[in-house]
J.: 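Handing you this structure, nothing more for now.
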There are 2 protein chains.
Amino acid sequence: MSDFSSPVTGGRKKRGEGHTRREEILQAAKELFLEQGYDSTTIRRIADRVGVSAPALYLYFQDKEQMMLALCDQTFGHLLESISEIEKSVSDPRERIRQFGEAYLRFGLKHPDEYRLIFLGSNIPESMRKVGHRMPTDDPTRPGVGGSLVFQRLIAVLVEAEAAGLKLNYPADTCAELCWMGMHGLASALILKPEFPWSNRDLLINGMLDMVLKGIIRDT
Amino acid sequence: MSDFSSPVTGGRKKRGEGHTRREEILQAAKELFLEQGYDSTTIRRIADRVGVSAPALYLYFQDKEQMMLALCDQTFGHLLESISEIEKSVSDPRERIRQFGEAYLRFGLKHPDEYRLIFLGSNIPESMRKVGHRMPTDDPTRPGVGGSLVFQRLIAVLVEAEAAGLKLNYPADTCAELCWMGMHGLASALILKPEFPWSNRDLLINGMLDMVLKGIIRDT
DNA sequence: GCCGTTAACTTAACATTGATAAGTTATCTG
DNA sequence: CAGATAACTTATCAATGTTAAGTTAACGGC
């Protein structure tokens, strides 16, 4: 119950420094979302932690949802970086797909809270449930499209793999969806139910990767 | 916006007839939850549809969550029935697994709110978030355990399949987990992102079922 | 130096939410 | 018919997201 979460900020911002306040708000919001979930985190508590009044948040964000969206894009950025790395360093198509999936998984397991926040819609209201994936034609600067960028990379990898001679069992987009669903199923299970007595974590990870590759790539 | 949803009920209930009012409330709550989702459905709107005052609902349910839980158990009862049906009518192990998965999937897609509640812990307080899977020793009459019963049936089906001579790629419990993760990944994706332009729903369902079976059952 | 513009805030308030307290009405029992 | 009580209502609560309207203080131009 103790809510003495220090207002760390100095007082009023100088004239051009509004954006630093914006980042303070994002930081506080992220902490609270992760600690207590979206619903339980109130505008007032975020404001308290930052050290400003509640309506002040509306100077920087249209509403509560926009704070969440901004955080989502921020986190997706990190994932995007690590998969770009793979696309550069790994050339074999099959291995690329596998490492792609592995990177996605590693990301989820290394940042379980962010993953929950972004992919699992945990405690996220109706209007937000569409955040993860949007149409390719959507404005890429619009908040909340980070997820679709990751997904588009996956499709691209599969299309390239096909062009490189790999035979797929379904159209590339369907394969991408199946791949993502398998990875997501594993990640969300391990993250959402850490207390469940999973038989063997590494076996599950390798098993899922094999399963996805077998399901997607035609038997030679 | 038009909310003229007829108060169908006659007036005050007679002395022993409280339980019928309880069922009217459940029915109204179910309709509204399915129409508008859990969050958007307010106690007052449920009460309006039934034709009573809002506090009257608290005569029959401890709180809003209990209404949803009652509906969940009710709905999961139907899933349990349909998988029992399969266990009785389908003897081939491989086909059993497949139909089991398909039933699970179609159930999830038909009851997205219940699915989200039980398996994704979305929109519900912390106390509920681990409901989906509990230890076998949990009280089976407690509200909200329907999900774990389903999972236990899946394990049983796989163990029986193995006993019937089917060769699995991993231990039965690992296979059960992989199977569930694949199904869950697909279900949660379709449910959480309904507006995403999924390539082809039926293709995805069949693809995932094939993928899971290929991943779990050893190549002949 | 001071003055006006305006960025960066605050206080007060609103409607809506889930939920409770306390009182009222109607039905059954003896 | 009288008292108990199931079945309900009205009034109210505190908390929520959000807005309106006013206040303070930093900077540029004169």
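Everything quoted here is computed from the prediction, not taken from an experiment. Computed from heavy atoms alone, side chains included, the values below leave out hydrogens, waters and symmetry copies. Naming convention: chains lettered A, B, ... in sequence-line order (proteins, then strands); numbering from 1 in each chain.
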J.: On DNA chain C, does the nearest nucleotide to B/D63 precede the nearest nucleotide to B/K14 from the 5' side, or the other way round? Give the residue.
T.: B/D63

J.: As a test of reading the structure: which of D/dT10, C/dT10, D/dG17 is closest to the side chain of A/V52, going by heavy atoms?
T.: C/dT10

J.: Give the rounded distance in Å between these two atoms: CE of B/M67 and P of C/dA19.
T.: 8 Å

J.: Please classify the nucleic acid contact of B/L59 as base, sugar-phosphate, or nothing, using heavy-atom distances under 4.0 Å.
T.: base

J.: Just checking B/T20: base, sugar-phosphate only, or nothing, at a heavy-atom cut-off of under 4.0 Å?
T.: nothing

J.: Would you kindly check if the NZ (Lys) or CZ (Arg) of A/K64 is within the cone defined by 45 degrees around the ring axis of A/Y38 and under 6.0 Å from the six-membered ring centre?
T.: yes

J.: Would you check if B/F107 and B/H111 make a side-chain contact, meaning some heavy-atom pair closer than 4.5 Å?
T.: yes

J.: OP1 or OP2 of D/dC8 less than 4.0 angstrom from a side-chain nitrogen or oxygen of B/Y60, does that happen here?
T.: yes

J.: Could you check how far CZ of A/R12 sits from C1' of C/dA7, rounded to whole Å?
T.: 8 Å

J.: Rounded to the Å, how far apart are A/R15 CZ and D/dG28 P?
T.: 9 Å

J.: With respect to the side chain of B/P55, which nucleotide from C/dT17, C/dG18, C/dT20 is positioned closest?
T.: C/dT20

J.: Taking only N and O in the side chain of B/K64, is any of them less than 4.0 Å away from OP1 or OP2 of C/dG18?
T.: yes

J.: In whole angstrom, what separates B/I46's CD1 from C/dG18's P?
T.: 8 Å

J.: Under 3.5 Å, is there a donor-acceptor pair linking the side chains of B/E31 and B/Q27?
T.: yes

J.: Does the plane of the ring in A/F151 sit parallel, tilted or perpendicular to the ring in B/W198? Use 30° and 60° as the thresholds.
T.: perpendicular

J.: When the distance from CD1 of A/I43 to P of C/dT17 is rounded to whole Å, what number comes out?
T.: 18 Å

J.: What is the distance, to the nearest angstrom, from the CZ atom on B/R44 to the P atom on C/dA19?
T.: 10 Å

J.: Any donor-acceptor pair under 3.5 Å linking the side chain of A/S40 with the backbone of A/G37?
T.: no

J.: Reckon A/S53 touches a base, only the sugar-phosphate, or nothing at all at heavy-atom distances under 4.0 Å?
T.: base

J.: Rounded off to whole Å, could you give me the OH-to-P distance for the B/Y58 and D/dC13 pair?
T.: 17 Å

J.: Return the 5'-most residue of the pair B/T42, A/G16 with respect to DNA chain C, ranking by each residue's nearest nucleotide.
T.: A/G16

J.: Would you kindly give the CZ-to-P distance between A/R21 and D/dA25, to the nearest whole Å?
T.: 14 Å

J.: If you pin A/Q62 and B/A56 to their nearest nucleotides in DNA chain D, which one's is more 5'?
T.: B/A56

